[in-house]
Asker: 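Sending over a structure as structure tokens; questions will come in a sec.
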Amino acid sequence: MSCCLFEYCRVQELKAVREFLFQSQRNNNSSADRKGENELAWDDSNWGSWDNPEAKEVGSGDTTGVEEDTAAVSAPWLQDCLVSLSPCSDLMVVAKGSKAVFLSAKWRSDDGGREGMALAVSWSGTLSTDEGESVSNVICIPLASQKRSSTGRPDWTCIVVGFSSGYVRFYTESGVLLLAQLLNEDPVLRLKCRTYEIPRHPGVTEQHEELSILYPAALVTIDGFSLFQSLRACRNQVARAAAAGSEVVQPPPLAYKKWGLQDMDAIVDHSSVGIMTLCVFDQMRNASILGGFHASVKGSLPAMSQYITVGGGPYTGFYYAIEGSSQPLLSHVALAVASKLTSALFTAASGWLGWKKQNEEEPTQKQKPKVEPATPLAVRFGLPDSRRHGESICLSPCNTLAGVTDDFGRVMLLDVGRGIAIRMWKGYRDAQLGWVQVSEGRGESSPSAPLPRRHAQFLVIYAPRRGILEVWGTQQGPRVGAFTVGKHCRLLYAGYRLMGVNSVTSQGWQLHTQQVCLFDPATGALRTVTVPFHLALSDKKSERAKDLHLLKRLTTLLKSRELEPGEMEGEREEVNEHTHTQTRGGVSTPREFSCLTNITRLLLANREAVDEALLQLCSSQLKLLQLYTDIQQLHSTVEASTDAHTKPVSAEPLRVEEELARVSLILQRYTELTSGSRPSVSFAQDSPDASLSVRGFLSQMECEGEEIRVVPGPDADWTQLGSFLFWGCLTGESPLQKVCDTLQETGISPQHLLSLLLSVWLHREKEVLKKPKAVRHLHTLLTALSSMKGAVESSWDMQCVSPWWQQVRSACVQSHSAAAALLAAIVAHRAAKVNITSLAETKSEWEAVSLELEQWAVCVRQLEDVLALQTLLCVAPLKGTPGGATPHCSVKALLEGGRGCIADSVAKWVFRQDLAPEGLKDMLQRRGEAQRTEQPSQPVLREKSQEDADFNKAAELLVSVCQRFPDSLSPDLLFAHCCWEYVVQWNKYPEVCWVRQYRIVFNIHAVFPQCISSMMWNTFIVKRFSAAAFLMEKVGKAPKERLCRRDVGMGDGAMTSFLGSCVELLQILMEADSGIEEVTPPELCVEEVWGGAEGPASIVELALEQRGIHYPLVQHHCLLATLLHTAMTFNLRVKPLSLFDSKGKSAFFRELVSIQLMPSGDMDPGLVSLRQEFLLRVLTGWVKTQSEAGMAPASTRLDLESGDEMWPSLCLDLGTLLQVNPDILRRHLVCELYNQGLDPRAEQVMLEVEDKDVLGSQLLVLTGQRLSYSLLHTQTQTKPAMELLARLPPTLCTWLKAMDPSELGCPSVPLSQTSRLVSRLIEILPENHGQYSLALHLLEAVEVLQGED
């Protein structure tokens, strides 16, 4: 609770850094030494050591390695260097002259094996590019990452270096030059940066990021946002150029503002305060001073940028630049673009005119960039002191205060807003300053404090002449810390954090930055200062600060695991001095018991000097510790077995065991299923078996006077406290009666003890089921607690329910531990019966006994049903089926879930088991069987037999659950809920075609299919169905995989199955609607014990509330679904919605119960033509699939769907609905079958064709194509074929040559089939037909060819 200075990093390789930076100086000293040896002259090379006794000669040849290391770290060489540390402490720059060394952070191990962060040399080299140029200032600016996953660490760090030539250059961590710009021709004096800070109050102006560069008579400011973007772009461009091996393109110059600071003789340092706005009074005061009595004041307050400079004449100057008075200088950009264009044109022209030879090299003359003039800025006011000269200024983090050092050894504290000096420290020559800002902790603020947290600022002063580091409270605070350090250290204070942060990206970030760091070159250690907030509250005499110090020390002692009793005794006197500090319960282990006793006695001896509240606190804690010790001792005694043997066994536990035998079978099955559950990870301290610590015990107990009260807390803590009190009694390891007597003497409420007992019993179900005797101990405990005073009131009205036993029932019905809750209910039922009977006998009242016992009978029956249901839900799903966590149910959850909650739970289990509708139907058929014949168990030989055994066990459990819920799990209700569950899961995972499981609705009551199907359509199906229709309408064909997933949410294969399922679903709707008038709706009933269920309406109740469907509208949608399914199956080009008129389009995707204006009458011939063309393509596609399936080998032939033969009849049915002539479709089908060589099928369809003449003409052309292929287009033409062709009539020969056999799908058909086809032609063509004679000639030709073959 006091200031501390701790080391967090070390700088390595300091000797190498010094040798690199002072290499030229060492060479000069060595040459001077050699010259002194050869010449007779005074040896004055070491005279300078008189002024600096610690300095040693570096270049001496006889210096040992140890002396060299000592010289490297002890000499004040660091004072001659420029040092800059990144605010993130991951990069340090040390520069001198034209050289610099970059040190980056790395994790390294010391000799002891401890890991820590260290700064090691990552780059060293020369930064100057011009002759005579040297580094004059340097800073490191970390740039924030733009990635969303960033948490506040910098992306990279930019090193900004100012030179004596006026150049400012920007480098990466590896020394790569990113950007260079000449802003002024004078040396750069100081580089300072300001980054974004979140405003702590609504009235504070949000400050923008900025880089300021001070010259002897000018100040240049660069906007932080543009600088951040430019540096990122330059870094990316350099990386791309390095990867590609190309040259780096010179980036455009930066835009900046340049102010000419006037009215000061000398300026050595500055601070950019930021944008500020004067108040109205200050504005009127300034206007009256500057303009006199008649001065006017503007209505709007101007925003100004404030700059503070230190130097001489005046000692401190305040400058104010009104925003907008100076535009950013962009002439550099225009000049750069113009110079590039000029050089490019001149180079091109010289090549055209022949002035430039091929091997001529251009003279490289470096032209100095143009320097823009500065905008004059006069000093507003200052602190005049002709003899005093300022050396440095350090601005506080909140921009309200500033520390200034001067050549008189003074440190002055300035009020930035008022422009006055408010404090001065003396005796700090060559002081270095820094600031530490501390936020108030979450627990330190008072309840009445405002919402924003307070912040305190401390000024850190390092006096190198005295070797001391001091921390002072501002504004008039005392010195809160002082540390003795070396005389050659450097205090590194950045005053900024990450660049590139704004109010949006900084949300949720934790910026890892150090405010003040002290670098000691003697050891290479980097140390930071931490100051607690409470030191800013008041001075040394503050009692609150002393209290906080004492509380911190006591808390540390009490939390220590290696605490010695003597240490606590040593703190007693200090506790006595500060007794007004009130704190509760610091005791954490039993070892503090004696210490607390001694402290309490000391306080009681000094009552007049001790607060009464503290005495009460200590005495109450002492009483609670005594109870903890007593319970712990009772659990550790060996008298547990004596109670059971000394007292005779009563008859009540035996009756409890008789009732348990009735449910033993289901308990055994439940135990088998839950004990073999999947393993899980748990922590030892969270286990109920973990010993309850004293701290945990005290946190859950309160002592008010003589009464001890249990504090309600989380279930885990409640269970742990209950285990501490009662678990030993339940397992029979502790003296049960003594524990109850001890708890009764403490005055703890019996209701709290009952809650603790039930909590441990219900939450440790697995351990309870493994201990059969725990039920008997529970009965004894319940009986003992019931007999306590205040448990069951003697004044209890027998006409009402007992609050004591109602508490037990409430805990049981709310618990998800079904077995433990049932056991507790059976035990409590028996104990309550005995208790109520005894009370009724004393009051001679028997009427109310039945009311309480009826409540218990209902509760036990409900818990038995829940146990059977939970046992079924615990059955693990088969391999390869969708699993998931086992659902848990309770009586309360089932009652609040509504009447359909039970059926819904079983439906979810059916889905997890992936039961087919037929398998579920077989299971439910066992409902009527009284007992199922069981076969003796056989050893498991095959996996299939194991699966059958698991299936049989699941079937038995399902049948037993259905017998317990005959109304809630009637077949109709269960099938309806299963159907709904499958479609719900399909909606989550549409790729799996679970929607086909709705065929289960065929097994439901005749009223339900229409209702359930209608709800399924409106809730899940119609949205994806309409998306599929609009997608096919848009693309004009069967869409591919990507489009289907984008618009419909499933692949093309799944969408085809989905559309087929839609057809079947709509057909179910139409079939159910046709017979719904003949069936009366069923009555929905529930079991008597579950009649109090209240909650949302079940699926069946919602389904019965559905209105009747409009049959024509369903048929209309079924027609569209069939068209979509057909197009997807055969991959056809079609716009399905374009096959309907405007009335048909507007009727789609409406509610099926609404009455829409449907298409009627004759359709437009153009629309009918489109429909006919589509159906003809469907028939063509089906015939091609039949042909391909027939030609495929038997080993690779695909299994056709069972409904594959239904496509022709389906097309004919569609033709009737779409007003297409079915005879046209039959003729086309016959021609396509003959075209593919499927003549037997074609002959069957030919019998149904009505217009034989047209069919004969079509088949005549097809026969000619076959014969033309055989005579003219075969590879090897035989001689008989050529002779036959010569004997043919010229008309027939010409006709055959005009035929195109390429139109045939299967041209190589046996001649026997062609002969049979010609015979069929002659039969169907009349003799007066124009092509009858041609058919006769074809028959003769085919017969001749067939005879020759």
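Just so we're clear, the structure is a prediction, and the values are computed from it rather than from any experiment.
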Asker: Looking just at side-chain N and O atoms, do Glu133 and Ser98 make a donor-acceptor pair shorter than 3.5 Å?
Answerer: no
Asker: For residues Ser128 and Thr126, is any side-chain donor paired with an opposing acceptor at under 3.5 Å?
Answerer: no
Asker: For the residue pair Thr221 and Trp259, establish whether any side-chain heavy-atom pair is separated by less than 4.5 Å.
Answerer: yes
Asker: Using side chain to side chain contact (heavy atoms under 4.5 Å, CB included) as the criterion, point out the one residue from Val83, Ile159, Val160 that pairs with Val138.
Answerer: Ile159
Asker: Begin with the C-alpha distance, continue with both residues' side-chain angles, and end with the deciding distance and a verdict on side-chain contact (heavy atoms from CB on, under 4.5 Å) for Tyr256 and Leu211.
Answerer: CA-CA 10 Å; Tyr256 59 91; Leu211 174 67; over 6 Å; no
Asker: Side chains of Tyr428 and Glu470: donor-acceptor distance under 3.5 Å anywhere?
Answerer: yes
Asker: With a 4.5 Å limit on heavy-atom distance, are the side chains of Phe228 and Ser230 in contact?
Answerer: no
Asker: Starting at CD of Glu13, measure out to OG of Ser124 and round the result to the nearest 0.5 Å.
Answerer: 9.5 Å
Asker: Going by atom types alone, do Thr309 and His270 pair a side-chain donor with an acceptor below 3.5 Å?
Answerer: no
Asker: Can we say Lys192 and Asp269 salt-bridge, meaning some charged N sits less than 4.0 Å from an Asp/Glu carboxylate O?
Answerer: yes
Asker: Compute whether any side-chain donor of one residue and acceptor of the other, for Gln306 and Tyr320, lie under 3.5 angstrom apart.
Answerer: yes
Asker: Does the distance from a Lys or Arg side-chain N to an Asp or Glu carboxylate O, for Arg527 and Glu7, drop under 4.0 Å?
Answerer: no
Asker: Checking side chain to side chain donor-acceptor pair (under 3.5 Å) for the pair Ser272/Arg194: CA distance, chi angles, key distance, verdict?
Answerer: CA-CA 8 Å; Ser272 176; Arg194 185 177 71 243; 2.8 Å; yes
Asker: Centre of Tyr215's six-membered ring, under 6.0 Å away, within 45 degrees of the axis: is that where NZ or CZ of Arg190 sits?
Answerer: no
Asker: To the nearest 0.5 angstrom, please state how far the CD atom of Gln229 sits from the OG atom of Ser226.
Answerer: 8.5 Å
Asker: To the nearest 0.5 Å, tell me how far Leu401 CG sits from Trp435 CH2.
Answerer: 4.5 Å
Asker: Does some side-chain heavy atom of Val121 sit less than 4.5 Å from a side-chain heavy atom of Phe20?
Answerer: no
Asker: Is the terminal nitrogen or CZ of Arg169 (NZ for Lys, CZ for Arg) located under 6.0 angstrom from the six-membered ring centre of Phe163 and within 45° of that ring's axis?
Answerer: yes
Asker: Using 4.0 Å as the upper bound for N to carboxylate O, is an ion pair formed by Asp430 and Arg465?
Answerer: yes
Asker: Hey, is CZ on Phe225 packed in by over 12 heavy atoms from elsewhere, all under 6.0 Å?
Answerer: no
Asker: Flag the pair Val485 / Leu5 as yes when at least one side-chain heavy-atom distance between them is below 4.5 Å, and no otherwise.
Answerer: yes
Asker: Relative to each other, are the rings of Trp77 and Phe22 parallel, tilted or perpendicular (30° and 60° limits)?
Answerer: perpendicular
Asker: Measure across Cys517 and Tyr8 and return the closest heavy-atom pair with its distance rounded to 0.1 Å.
Answerer: SG-OH, 2.8 Å
Asker: Between Leu119 and Cys9, is there a side-chain heavy-atom distance shorter than 4.5 Å?
Answerer: yes
Asker: Are the side chains of Glu210 and Asp223 in touch, meaning some heavy atoms are under 4.5 Å apart?
Answerer: no
